[in-house]
Structures are given as structure tokens and as C-alpha cells.
Number of protein chains: 6
Amino acid sequence: MSKKVVTLGEIMMRLSTPDYKRFVQAESLDITYGGGEANVSAALCNYGLESSFVSKVPDNPLGQAAINHLRRFGVDTQFVARGGNRLGLYFLEPGASMRASQVVYDRAGSSITEAEVDEFDFDKIFEGADWFHTSGITPAISDKGLALTEAALKAAKAKGITISIDVNYRKKLWSSEKAQEVMTRLCENADVCIGAETTLGFKSVENKYIDGKRDLSEYQTAFEQMTEKFGFKYIATNLRESHSASDNSFSVLVYGENRMYQTKEYDIRIVDRVGTGDSFASGFIYGLITGMSMDDAAEFGAAAAALKHTIPGDLNHATVAEIKTLVDGDGSGKVQR
Amino acid sequence: MSKKVVTLGEIMMRLSTPDYKRFVQAESLDITYGGGEANVSAALCNYGLESSFVSKVPDNPLGQAAINHLRRFGVDTQFVARGGNRLGLYFLEPGASMRASQVVYDRAGSSITEAEVDEFDFDKIFEGADWFHTSGITPAISDKGLALTEAALKAAKAKGITISIDVNYRKKLWSSEKAQEVMTRLCENADVCIGAETTLGFKSVENKYIDGKRDLSEYQTAFEQMTEKFGFKYIATNLRESHSASDNSFSVLVYGENRMYQTKEYDIRIVDRVGTGDSFASGFIYGLITGMSMDDAAEFGAAAAALKHTIPGDLNHATVAEIKTLVDGDGSGKVQR
Amino acid sequence: MSKKVVTLGEIMMRLSTPDYKRFVQAESLDITYGGGEANVSAALCNYGLESSFVSKVPDNPLGQAAINHLRRFGVDTQFVARGGNRLGLYFLEPGASMRASQVVYDRAGSSITEAEVDEFDFDKIFEGADWFHTSGITPAISDKGLALTEAALKAAKAKGITISIDVNYRKKLWSSEKAQEVMTRLCENADVCIGAETTLGFKSVENKYIDGKRDLSEYQTAFEQMTEKFGFKYIATNLRESHSASDNSFSVLVYGENRMYQTKEYDIRIVDRVGTGDSFASGFIYGLITGMSMDDAAEFGAAAAALKHTIPGDLNHATVAEIKTLVDGDGSGKVQR
Amino acid sequence: MSKKVVTLGEIMMRLSTPDYKRFVQAESLDITYGGGEANVSAALCNYGLESSFVSKVPDNPLGQAAINHLRRFGVDTQFVARGGNRLGLYFLEPGASMRASQVVYDRAGSSITEAEVDEFDFDKIFEGADWFHTSGITPAISDKGLALTEAALKAAKAKGITISIDVNYRKKLWSSEKAQEVMTRLCENADVCIGAETTLGFKSVENKYIDGKRDLSEYQTAFEQMTEKFGFKYIATNLRESHSASDNSFSVLVYGENRMYQTKEYDIRIVDRVGTGDSFASGFIYGLITGMSMDDAAEFGAAAAALKHTIPGDLNHATVAEIKTLVDGDGSGKVQR
Amino acid sequence: MSKKVVTLGEIMMRLSTPDYKRFVQAESLDITYGGGEANVSAALCNYGLESSFVSKVPDNPLGQAAINHLRRFGVDTQFVARGGNRLGLYFLEPGASMRASQVVYDRAGSSITEAEVDEFDFDKIFEGADWFHTSGITPAISDKGLALTEAALKAAKAKGITISIDVNYRKKLWSSEKAQEVMTRLCENADVCIGAETTLGFKSVENKYIDGKRDLSEYQTAFEQMTEKFGFKYIATNLRESHSASDNSFSVLVYGENRMYQTKEYDIRIVDRVGTGDSFASGFIYGLITGMSMDDAAEFGAAAAALKHTIPGDLNHATVAEIKTLVDGDGSGKVQR
Amino acid sequence: MSKKVVTLGEIMMRLSTPDYKRFVQAESLDITYGGGEANVSAALCNYGLESSFVSKVPDNPLGQAAINHLRRFGVDTQFVARGGNRLGLYFLEPGASMRASQVVYDRAGSSITEAEVDEFDFDKIFEGADWFHTSGITPAISDKGLALTEAALKAAKAKGITISIDVNYRKKLWSSEKAQEVMTRLCENADVCIGAETTLGFKSVENKYIDGKRDLSEYQTAFEQMTEKFGFKYIATNLRESHSASDNSFSVLVYGENRMYQTKEYDIRIVDRVGTGDSFASGFIYGLITGMSMDDAAEFGAAAAALKHTIPGDLNHATVAEIKTLVDGDGSGKVQR
């Protein structure tokens, strides 16, 4: 029987400038929809699993359009509540070469920020679920978002569902102190920890990453400490080298089973950089939930993330077969007839 | 020397679906920028006058893009303050035939709603100005918007500048009671009153308009009473017959000099309905400020509004010569080589 | 509890020229997906019912894209089989004024034409279903299509599910003799008959329609005979007057409960003519299944069809509220703010 | 054997604003190519005849693109000389409703204006030709253009080829006096005269046309005089009523065989107004050259012109079958499946 | 006098996703037309030769559009028969970086697959021809396609026309056994053999190519054997290194005059990979037919192929001058003003 | 108080093919507007300075659109005269990889080429100006252009305004002899000399540049001689390495204060190559006028130019903050959230 993953977070309308135009030049914007957890749900459906996304959108055509976008790619949206004031937005200006991509968030006051816990029936939501995934974004955007996340984690934990958390830190949303305090509390529920370890107060590794160093021994130390403190089964973090907005190198470092593993590194010509971290998360979850070894799951996730860089939009539309082909070493890009 | 008109209000990014698509179908949105008073300023510049627009936009690329849009068409934007949280947005789904156009406003918390009076130096702003135009929108969106409007009206009045107010009533923004109370107070400063007379509590004419009747005698009564109460020099209102989202008839009724005048009526195939009321306002102001008679100014305004229906976006890009050609009776649309 | 409607038919990729270009001018084609029964399912989901679409598409990205299009709008696609050689296509060149729209079908050999009955578990498919809708297209395209349709009708009948059939006749697919023979057999299962009555051999009404006459007495005679022969509960047919490719008048004639009823007639500026008949069918089914009277259901269907003319693509994206507003008489198309 | 028509004139790049945008709003321009005589050649090829277009374009990629556009639709371009300074351009802003379409010509100094007679081998050009068509545009644009036209007419006359001239008068190109003098001289060679009769100095009919009167008796008088003076076999002129830029009525008046004939009048929703006169010319020539009666040829031409209004670009892409369907009375625009 | 090359094959409509979208994301498709032999004809016309393309397309607007595409670029299409059921299609999803381009062929049952030999008058077709080019595709798609190819080869051979064959092997069209048997028979007529040598059963070189090895000695052996067996005057094959879907290295290996020659290798940023092999073929033929040495012809072909990678669509629009500039070493891409 | 820079030159409409299409493939063209001096003015306004652009455009909508484009980005256009025959145009076909970008100029007879000196009130134009910038283009296009440039230089010199000249040489506009003679005369007024030193007759350095050599000693010699002859305060030239149309390396060499300085070199993936030289000029001027050292100004200019390569259109829309970030070494292109 198919595995089922529940995610909770915000789905935003993304409005991006076409043809490398800057915001001040644009006369139209391309629409897609995304958000860390929604991206994970859509990718998992794409890989053949079931996934239900929990959120709240306004009861207007824009909210409906966001739901439709997820349904289109197979996500179960029956637990997306309707109401509140507005759909969160973000404006994206894709960069090129040494010009960085710019994101202007416009998500304050969105429906999810004012969602009440009792709008969601977690008993029903987690029925038959094998995994729950969420991130540090919703807790950061509002007190209600935090309460909602905690309620979901508590319910998932009670049901014995595996939990993964993407430990994002967005400095425009809250202070590092508050982030650390809250995320530390939330992570106590998590089995798998993904991303920015500094959010949890593990400073030295962050510095290594800023220097672009690959001195994995310090990562190992940090991961050991994190494991000790939180009891994570797996920890994973991206090792990205941003040569320019057009070219990145990407690999992934995972820790678990008392050891560390680094995946292959991919050199990538970027079509769309957004959502690649979520694509790793979805691939790693896919791997673990379908019984791959830690290393294989990490390689699957890294290859999924690499392919996402070549696909426009926040969602990953690479198939399992395509990802496995890349894991197996064929990145030649030869025409498939 | 060129006449100068100052306007005060909000400038929003407008995001509209292309090719008659509904919101749930759209994959891109066309950008323009607009807002009642900004539309008036841009049209007046287009007609050859000077016009300065007073507002506040966020200090980010979207705010800059809004300013650029007005500058492109000649508006003086030096008095647009920078700061605050976000640019107001509105989403437009253009209708066709019996399917009405839909507007989803997303302007709560925009920069202008939190602007302080002392961010604007009205002495400098009104230097050399001949006319001040504003509307009932800004007072409705926030207390600060009301305070700002009042301060501007007071300053304009003190300088003896002619004042016009577009008496809009937007039921989603405030109650009719509050609207009536506030607009009544504001209109005491106005020389020219444009639009929805019921905002000021003149109920019976509204009813006539709902019935689509053209029993102008009741309009006359209402206008006489309004003139008596507020001392308006001119009152103008649109007489629109909406046959469908694709076809409207449009004329204008003006009152002043103790008499009423109805302009020619135009039967219009609609390209873009938004901003046509503002286009009348700008044309009427243009006529009066350049010394036309009341009737001629009204005809100029009505023809300007008619032509705006054929032009995409909120702004009117018809020239004075084109408007005069239409006033003079040539609506044949023959190719101009 | 929500009502559930099952439909069976083909879903095709529609490739249409933009901006009124002719095929020989086009450099790109717009994609949507459609087919009579799929259109009905999508509209019913849009109105808030559940609907499952039964079909077969190739196991390639084009087949997946067709499924995604239906999922996007809420259709349950779990019973769409995968396999076969190709996705059916149709090319559309939208007309204007006296230039007719052109359709080039390219559906021969599509997956549904080679589907086997045993690929579908009708017991499961009809579980909880209240209504089954299909048409004369699938029986016409291949012997296997006919076998599949018959199997579905038999299964639905056995479960006591209400059955509606759109009696289309496509002269390029089969002879009128074969159509009459097959459709007569299939209609014996139907409760509701929609469309082209001549397919069943009722010639005289067709002639009246060709003459554009509205001598409803002959329609009445035909409908009485059809009711007698087939035991239809309701018969419905469109009364379209095609003034040009840009302008149509549209109303609907229904027969049932021993009487005939003609809906209001709508004068329509056409955005997209395709799928309007299916939109009537979906609206009529919606009305009947939700307990409206025959007349109200017909009016709901006619208004749904009228609105579909203003929406690009095969699917109807008008909401129940919008359709009811039109039924209630407001076709003014005034901007909804 | 297929009939062959030679035309001589200018081919220009046409740059038009999309989506009813005004020039000051446009961020892109759509390209087609056209010019009166080139339009006639392309339409004739479309109807199944052979047609060779004689002109000169610069030896650069823009000149090549113009040639390619004609080749694409079957025109023989082997006699288009290469060289000179630039390709003629014209900018088109399509109008709507009471807003007229605007054309900005930018053709001064184009290659054809500086073409020398000896760049063209008229013996070879007219080999096997049955008809020669040209207009009053090329003689107006430069002395060399006049010399070229005269040489072509002389050569065609010498070969006994039927000659038609579209007697255009473009007031921005030359004075009415010069136009009258030159065109009078050129028309002495012509068998068929199309269009603006006043160019030849027949004032009174022009006045009637301005008044929009259909007092055909005066047309008759003028045509009789023109026939007497020039020996025209046929004279044809458009009777257009421009209700707006969106809606025109169109019929044609022809004179020949000592009588006048007016075609059916078409009420048209306009997609693209440009080139409709040329479309009539091509249809009339097609009719005459393929042996239709004068009246049938005129009806064919009028229907061709009517259909052209519904097709974007300068060229007519309606087929002979489609035109005949319209001549036979079916302008219902019903979908052709 | 200009040289003339006849080609025979299929012309397909190509429908490709824009902006690196995947099929499941696309809302529109860009149209071009192509096919191996049609691509060769168009390129040769572009280089200034004459070329006639022999094929069959349906007698509908899509078939006409395919013909128009070739005519636009100068190809003689008088020998393209009309009729049959459908135009062959292929859907292209351009890849990027490690994501490979995907092609979905939809060509079964196309008009050329059912063409009869007696629809083509090869005596007339080869009148004045200097060269005949075809490939292994048409023989693979149907028995009639094979019969047609054989008839053409026989007629060309009888007239002493130089013959080149592109020995493509498409595993979805036929088995390698059948391919080898048929192509071996066909190649007995050929003077020049281009491409996939393994089709003819020369296994070892294929292996070398898969390994990406440049051990030219084995190529030499194979080519010597092929020459011995078939009497080829020249054999040519591409040496492509596919680093990713965005970056390829490309050179060409030719054999003839008892020796082997490898061209310069180009490192290419890919705009459109499709048709580059055909571009080499056309360039090599151009070189040989215009009297270049084998080495120069190969270099011309390789440079033509390299430039094709930078041009959207299947056809090569690089000029002879541009190709020669690249052959001469200037690939700097400096702006040409 | 803000610094003010006046520039004088031509503003052209730029029409460029989208999506790497060649001219012969294009069906639409993207519009921007540009010209060396206009580009400098727009960039300076973008950096926060005031800048007035002096030119002449036709009194038609195309001329207005050009003015609007500059106003949009803050340029003062009050001194752009109206009249004359046409707006200068240039057609751009962007290249890729080894295919060079092509420019087709179509500027002969544009309004600026026929502008009279007395249409410009230089006293008023230079009021409050700190800097005047022009180039060798306007003197080359016509005698009136030369007279206008000389008059402007004389007026600026008389007011003691700093003068910079971009010493462009366009071989299609005039001979190198005439260029050298005229530019030598004009440069006697200049404080800062930018670009192609050979225009002034310094041959040897040009040769070095063609060889791509970086033997700066010869540059130094040339610059010393130029400084001696003209009294330039600063000389600057680009050191571009064009690896392909997609990839360039770019740095800048400046001379002044008796020494030479070479900036950092940037490796760039090109989005739009046009206007990058002007972007350097504007950045260098910005640096010098705001009090940076020569080296810092050069680095600012080089980084501005590097960023321009990543922005579509002729104008630079990079902000001062973005440029400084790049100068400070962060070209990583990381997403800015």
C-alpha cells in the first residue's frame, strides 16, 4: 500500500519576472504557487506517494487557484481550511551570473497566520499517515502559526508518526534568539532534521559553511551534539557552492547511524533555484519511507534537488526514473527519443 | 504658463489575467499600476498640464516600479514618500459579455495607510498649484489616511486652490454611516464634486439610477440640495448603462450655474473598463482649468472617458486632439494614416 | 453528503491558435484539455459535487498532463487507465465574425479507442455514485469504445444509478445509420437524453431547427415520441442561433413531466464556443441531482452554458453563485469589487 | 493550366502593437509584412493561381524576412531585386470602438524608392503572365518608383496582358494635383480600375461618398465618364461604412458592361482592418481571370474582403471554398468539425 | 547554374514547451516543422542551392502549414503529395543541465506512411537534380515508406545522381535486425553514408563511441570495411560529447580518399539541439557539391552543425558567410554592427 | 545637493528578436529604447543623480514613447526637441555561443540628424550642471549632428563644466580619417576620454587589443601621449575578452594621475551585451562626480558594466548598493530574501 506523508505550512502565490527582467522592467509576472511544505507534498505525489497538505487559504479565487495548483500535481487538499484575509504572496526576480535573485515577501496577514488550531481535525488528518513534515517558517510568521505547528507535532507524535522538520531561519520573520528557543522546543519531537543547523544554536558549523569549507569534522561534531540533544535519527544539510546566480555546485551531507555521508556533487546550470532545498527534503523522505539506506536516500534526495534546479517553478516535476538515472551516473542530458 | 494639479491617493499594482482567463486558469498576470487620483494625474499630464501625485510607497523595487509607471507618463513623483510595509495590490479578472469583471483588492496595510501627516510638506507640495483633487478612498482605508486627506484639504483651502473630490463609496472599506459622516465633513472644502452622490446621504437619486431611469428632474433636485448644503460650484455624475461586460453606454450629467447638462451618450465596445470614471474626472478638470464652459468641459470629460474604455490599463492615453475629434462627432474609427 | 457523478469518455489535448490566427499563421498553440464527458465532470466538481472520470490515456507525460488538468479542477481520476498508443488531440482555430471556427480532429488510435472492458472495475467505479453520464462519441470511435460504453451502462443500470446520455452525432466518425442503430440501443438505458435528437431517427424536428424555426409544437411531438419509445424522464436540446462566430443567441428546450419548457434566451459575445453544450449538460444534471425542478434545472443549465461562452477553454469555471446571479436576471457585467 | 498574375509594388515590415495597446504602452510589436500589391499576390496564390511579385528589398536579414513571408504563402519572389538602403516599415496601432487605428509610415528611402528600371527584366518577368496589377503607391513614393511603374505598364501593355490599377491616393506622399496628373497617364494602360476615383479628378462622387450617401446614380455618371475617358473594362470601388474601429459594413460597387452592380453588404466585427481593400482586388481579379461573370467576380471579391477583416495581418488566408460558402450565404460562423 | 538537391522523407509538426517547462507544466507549445530530410533541404536552400523535398502531407490546414514552413525558407514543395490521414507530430521538451530533452513521437499513421509510389513522378522529380538525399527513417516507419524510398533510390541511381543516406537507427520504429537488413540493401545505392554506422552491423565502433573514446584507429577499420562492402565515396559520423543538456562538444569524423579526417571540435552552449546532425549533413553535401575538398566540406558541415545548436527550431538559418567565418576560426561572438 | 549630468545624443527604438530567434524566424520584436548618451543619463538617474538628456525626436507617438522610456527611469527630458522625420531604429538579433549578435541600424534621416543648433537653449540646459557627456556618434551621423555637438561642447566649456567623451568609432557612419580629424578637434574640450583610442589615431594600442594582449606597457605609452596631446584628466578603456556570444570576461583600464589602473576582471554569463560600455561610462562618471578615487570610480564602473550584462535592454537597472556589493567581492548570486 502506498505510503502517506502529511505536511503543514503556507502555500503562497509566486509572481516572478520573465526573461531575466528586473522588477522595474516587468510588464507581466509568471504565476506559480509554492511554499516549503507544499513543495514537499507535491514532489512526494509526483514520486508516487500520497500526500496531504494542511494549511489555510482565503475563500476567494486566489485561494482556490493555489489549491488547484497543488491538486493538479496530486496533492490531497481536503484539509486546507478556507477563510481569513489574504493569500500570502512572494515576488521573485530571477538573477543571472553575478546578479542575485531577489525575493520580496508579501505574506503578512495571510490566512495561515490567523488560523486557529480548532479549524483542523488532526485525528482525521493523520489517519493512515506514515510521516509528518513541517518547517520553521510557520512558527515564525505568527503566534497562531506556532500554536498550529505545535498542535500538529503533538498530534503526530501521539500517533507515533515519523516527523521531519526543516529548520529554516528567515531573519526577516523573527530574531535568532526567538527562533532558537522555539525551534529547540519543536525539534524535540522530530526524527529527522533538515537544514540550517545554526537555528538551533550550533554556531561553529555555520561559520564553516560561510567560509565554504568542507572540513567535515566540524560538521560531524555538531551533528553528534545535535543528535545527542534532540535524539534525531537523521540530520541532513545542503552543501551548496554558489559560483553565481547561474551556476551552483550542490551536494548533501547526512548524519545518522553514527556516521556521516556526503553525496555526489552536481555542477548545475540553473533554470530555477527556488525550492531546491525542499526537493532534497522530499527526495530524502521518499528514500527513507520506501526503505532505502540512509546513503541511498541522501543520493536520491541530492539528485532530486539537482534536477529541480533545471525545472521552472517551486515544485519538482522530475520522475523517480529520471532521478534514479541521475543517481546512477547519467547526467549527460542526451535527447530521450 | 502651464496649469498644475496636485492629487493625493494610493497607487496600486494591478495584476490582471490575460486573454479573458479566469483567476483559476491564469498562469501569468499583466502588470499596470493605478488608483483613482494617480489616474487623474497621469491623464492630466497626458493632456499637457503639470501634475504632482502625493502618496507613499514602500522602499523596495515594487514601490519604485509604481513610481516609474507614473513618471513614464509625466507625473511629478517627488512628493511620493518612501517607506512602510507593502505596496497595495489589486487583482483584476476582466469579464466578457454577461460575465462580470472581478476585482480582488489586497491593499490592507499598504504604505499609504500608515503614512504620517508630517511626512508631507504641503507648503512645498502646493507651491504653484492651481487645483487639488482627491477622493473618498484614502479617508476610508485608515485613520491615518483620513488625517492625511484632511491635512491636505486644509492646506489647499488655505492657499485658495480649487478643490475637487471624487465621492467614491466602497462598501468593503467602511460603513455607509461613517462614509457619510466623513465625506460630508471633507466635502465642505470642495468646489467640484464628482460621483456617487449617495455617499453624502442623497438617497432618492441613487434609486433612480438603480432603475436606470433618466428622470433628470430628481437628479436636479438632489444636485440643488447638494449645492445648497456644500456650496459646490459643479457636480458631475456618470450615467452608465451596463448592457454587459463587453458593451456599455456612457454619458455624464453635470450641474452648475443653476442648471443641469447631459453630455452625448457613447455606445462602447469595452477593451478595459477600469479607470474610466477617473478619466472623466481628469477630462472635466482639464476642461474647467483651461477655461472651457461647463458644458464643453463635461463633453471633453465624457469623450475622454469613452476613449479610455478602448485602452488597456487604468490610465488614459488618449490625446487632447483625439478627445476633441470625438467631441466633434467623429467616432467612426477610420484608420488614421 | 455530496452527490457523486461518474462520467466516461475521452480526454483530448486541445491545441488552439492564439489571437484569431489561422492555422497557417500560427507559431504557437495554446493547450487545454477537454472532451464532452470530462467537461461535464470538471464542471460538476466546480459546482461542488464529486465526480469521477473514467477513461484511458497513454502512459507518457502527455497522458499525465491530461490527468493533471482534470485533477486541477477537482475531478477524481483514479479510474483513468494508463497505456495504449497516444493521447487524442484536436486542433482548434477559433473563428470571428463570419469566419467559422475550424476543428481538425486527430484522435484516431488514441488509448481510449483500444481500451478493454476488463481494465475497468465498474463495481468500484460506481460505488456511491448517484449519476452516470456518457455520450455518443466513445461508441462511435471504435468497437472497443462501444463495448466499453455498453459495459458501463449495464453496470450503472444494474446499480440503479440515474443515467444521462448526450446523443451526439459526429458525421466524420460513423454513418448516420450505424449511429442510429447503436444509439437507439444505448438510449434504452438512459433516464435523461441530451442533444441532437436526429441521431435517434427523429427527422422532422431537425428540419425545423435547420430552418431556424421555433415552432415548438413539432419539438413537442418528437419529444413525446422519444419519451414513449425510450422512457426518458427528461429530454433537453439546445436552441442556438449562430448569428456569426462572434455572436450567438442561446436557449434550451426541455421536455419532461409531460410538458415542454423553454429557458430564457441569452445574446452572447463569444470568447470560446467549445464545450458550451457540455456546460448545459453539467448544469442540468447539477440542477436535477440537487433537487431543482425541471424548469429551474434547465435555467441553471442554460445560464451555465451562456457563461461558458465567455470563458476560454473547454471547461466551465463559472461558480454556482455566478450562474444563479445570471438566472436571477443580472447579466449586466458590472465590475464586482 | 494555372493563371499567372504579376504585381509590382513595395513590401513593408509591419510592426503592430498587441492587445489593443497604444504605441506609448507597447513593450513588443508583432511582425507581419505587407503592401498593396504584395497582398494581392499572396491572396492569389492562396486561391491557387500563380503570382510573381516584383520589388526591391535591402540585402540584409530584414529584406530576406520580407521575401520569406511572401514565399511562405506561395508567392514567386525571384524578381525581387536586392540592394538599397532599407526596408520600408509601417507601425500600426489597432483601434477599437471609437478609437481609430493609427498608422505611422516609415518608408522614406526604402530600397524600392531607389530601384532602377534596368534592375528588372520585364520580358522575363511577364513570360507566361495573364494579368498585371499595380497601384498608385509606387509612383507616389519617388520618381524612380514612377519610372519603374511606367516601364512595367509599358511592357505589360506590349505583351497584351490585362492590367489592373488600384488608384490609391495617399495625401502624405504627394499632392492631389500631381497624383491626378500621373495617375491619369498611368490609367491609360489599365483595363480594370480599382478604388479612390477622385484621384483621377472625378470630384462629385467623392463628395457623395463623404456624405455616406448611396445615391448610385452619381457613381454611375462618374463611372461612365471614367470608362469613356480611359476605356476601362471594369471599375470597382468599396462602399464602406465605418461605424467604429470595431464594426464596419462593407460592400462593393462595380461598373462594366454598361451597367453597375452592388454586392451584398456584410456587417463585420473587425479583427484586422488592414489589407481588406487589397483582398477585394485579389478576389475580383481571381473571379475575372477564372471566368466568372462581373457580378460573381465582384461578389467573390467582396466576400474575400469581408473574410479578411477577421484574419490578423495584411494578407488574406481565406480559401476559395470559404469565400464561396460566404458568397452562397452562410456567414453563420458555425464550428466546422 | 545552381546545384539542385532532392530529398525524400517526412515533415512533422514539432510542438515544444517554452521556457524550459516540462510537459506537465506547459500551457502552450511553440510550433516549428522538421524532419531529417526536410531539414537538409531547407538548409541547402539557405546556403543558396535549389532543393526539392518529396513527401506527403494531409490535405488540411496543418499539412498546408508544414508546406508553408518549408516554402518560407525556399524549399521547392511541388512534389509534396496531398492526402492521407494526418500530419506526423512530435512533442519536444527541451532539457537543461543534467535534465535530458524528451521527445514524444506521434507519427504513426501519418500521410507519408501510407503514400503510394505512383503518387510520385520521379522522372520529373529528378529532372536537373545533382544529388539525392534520404535517410533510414522513412523505410522504418512503414512498408510503404520503404517501397517509396527504394523507388526513389532506384530512380536516382538510374539517372546517375549522387546519393547520400543518413543511416539513422530509431529503436522505437523497428528492430535492429530489420534495420540492418533493409539499410544494408538501401546503402548499396549510396555514394555518401552519414551517421550511426552500427545500423549496418559494424558493432565495435559503436562501442567505442559509447565509451566516448577517440581511438580513431577502430573507426578507420570500420570505415574501411564499410567502404569495401558498400563502395561509399565518403563516410561521416558525428563525435559528440554530451556534457549535459546545456553543453556539448561537437566534431565530425569523415572517411574517404583512403583516409580519415577529424574536424575542429566546438564547445557549445546549446539553444536547440534538434536538427544539428541534419545540419552537418546539409553542410557536408553543400561542400561536396560546390567542389570543396573532403576536409573543407567536413569543416563546413561541422561549423554549420555547431551554429545550428544556437538557433531555435529544426532548421539551420546560418548563412554561408557565417559558417565560413566560424570555419576560419572566429567563434568570438562579438556583436556585428 | 544632488549632482547633475547633461548628456547629448540620439535615442533609438531598439527592436530585438525574442528567445534567440534569428531575424528570419521572428514573428515579434521586443521594444526597448537606447543610445549611448541616453543610456548614461538613465543609469546616472538610477544611481540617484539628476540627469538631463538633450536630443530630438519626431513629434509622433514613437517619439513620445522614446521620451517616456527615459522619463520612466528618471531622466529629465525637457530639452528633447520635437520634430523632424523619424525616430532612429536599430534591430538586434541576440547571439548565443559562437553565433554573434547582429545589429541592423536604421537611423538614417532620424530627427537628431537634422536638428538645428538654435533649437536648443544651452544656457538653460547647462544651468546647474556639473558634468557634460557626449560621444563620437552624433558628430558622425550628420553635419548638423556635428554642429550640434560642437555647440554643446563650447557652451559646456564656457561654463566650466567637466566634459567626458566616449570616443566611439562606427565604421559604417564615417571614414576613419574624418573620424580622427573631427574627434581630435572635439576632444580638445574633454576632461575624460572613454573608449576606442584608435579613433584619435593611436594605432599601436589598437593592435594590441586585437591580439587580445594585455601588454599594458603599450597602453601606458598611448595614454601618456593622449594625455599630453589632449590634456585629459582621465582615460578609460574596456578590456573585453569575448569567449563567445554567451560568455565574456570584462575589466577596465584607466589612466590618470600619471598612472594606470586595471580593475578586477569579471567572468560573465551574458543576458544582454548591449549598453555595457555605456554602463561603465556612467559608473565611472558617478564615481568621479561623487568624490571616489580614480581606482574606486573605475571599479564602480567595471562592476556596473558587469551587472549590466545580466539585465535585458540597453539601460542599467542595477542599484548603487548592488554595484558596491559586487565591488566588495560578492558575486555569488545567492538569493536575496
Side-chain angles (χ1 to χ4, degrees), chain A residues 12-19 21-33 57-72 77 84-95 99-111 113-114 172-173 312-313 315, chain B residues 12-19 21-33 57-72 77 84-95 99-111 113-114 172-173 312-313 315:
Chain A
M12 293 176 282
M13 181 188 281
R14 159 179 146 173
L15 293 160
S16 59
T17 60
D19 300 329
K21 283 189 183 170
R22 304 220 64 175
F23 285 127
V24 292
Q25 299 176 290
E27 302 284 318
S28 70
L29 294 170
D30 294 327
I31 303 175
T32 60
Y33 298 84
V57 299
D59 190 13
N60 69 19
L62 307 183
Q64 187 60 48
I67 283 176
N68 286 2
H69 194 75
L70 293 176
R71 288 201 303 206
R72 178 177 180 180
T77 59
N85 291 317
R86 60 187 298 258
L87 186 69
L89 308 173
Y90 80 93
F91 295 84
L92 173 66
E93 181 191 88
R99 178 167 62 80
S101 296
Q102 302 283 336
V103 172
V104 175
Y105 283 106
D106 184 11
R107 66 200 298 180
S110 71
S111 295
T113 67
E114 305 195 359
K172 289 186 184 166
L173 294 178
L315 308 187
Chain B
M12 292 176 284
M13 180 188 281
R14 159 179 147 175
L15 292 160
S16 58
T17 61
D19 299 329
K21 284 190 182 166
R22 304 219 64 175
F23 284 128
V24 293
Q25 300 177 289
E27 302 284 318
S28 70
L29 294 170
D30 293 326
I31 304 175
T32 60
Y33 299 84
V57 298
D59 189 13
N60 68 19
L62 307 183
Q64 187 61 46
I67 283 176
N68 285 3
H69 193 74
L70 293 177
R71 287 201 304 205
R72 179 178 179 179
T77 58
N85 292 316
R86 61 187 298 258
L87 187 68
L89 309 174
Y90 80 95
F91 295 84
L92 172 67
E93 181 191 88
R99 178 166 63 82
S101 296
Q102 303 282 339
V103 172
V104 175
Y105 283 107
D106 185 11
R107 65 200 300 180
S110 71
S111 295
T113 66
E114 305 195 359
K172 289 186 184 166
L173 295 178
L315 308 187

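The chains referred to below are lettered A, B, ... by the order of the sequence lines, with proteins before strands, and numbering in each begins at 1. Only this structure's heavy atoms are used, side chains among them; waters, hydrogens and symmetry mates stay out. Being a predicted model, the structure only gives us computed values, none of them experimental.
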A.B. asks: To the nearest 0.5 Å, what is the distance between CZ on A:Phe23 and CE on B:Met13?
C.D. replies: 8.0 Å

A.B. asks: Between B:Leu15 and chain A, which part of the residue has a heavy atom less than 4.5 Å away: side chain, backbone, both or neither?
C.D. replies: side chain

A.B. asks: Where does B:Arg72 contact chain A at under 4.5 Å (heavy atoms): side chain, backbone, both or neither?
C.D. replies: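 Just the side chain, heavy atoms under 4.5 Å.
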
A.B. asks: Find the one option among A:Leu29, A:Val24, A:Asp30 whose heavy-atom pairs under 4.5 Å with chain B are most numerous.
C.D. replies: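 Greatest number of close heavy-atom pairs with chain B: A:Leu29.
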
A.B. asks: Identify which part of A:Asn68 has an atom lying under 4.5 Å from any heavy atom of chain B, answering side chain, backbone, both or neither.
C.D. replies: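 The side chain, not the backbone.
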
A.B. asks: Decide yes or no on side chain to side chain contact (heavy atoms under 4.5 Å, CB included) for A:Asp106 and B:Leu89, but give the supporting numbers first.
C.D. replies: CA-CA 10 Å; A:Asp106 184 11; B:Leu89 309 174; 3.7 Å; yes

A.B. asks: Which residues in residues 57-64 of chain A have any heavy atom closer than 4.5 Å to a heavy atom of chain B?
C.D. replies: A:Asn60, A:Pro61, A:Leu62, A:Gln64

A.B. asks: Hey, what do you get for CZ (B:Arg107) to CZ (A:Arg86), rounding to the nearest 0.5 Å?
C.D. replies: 13.5 Å

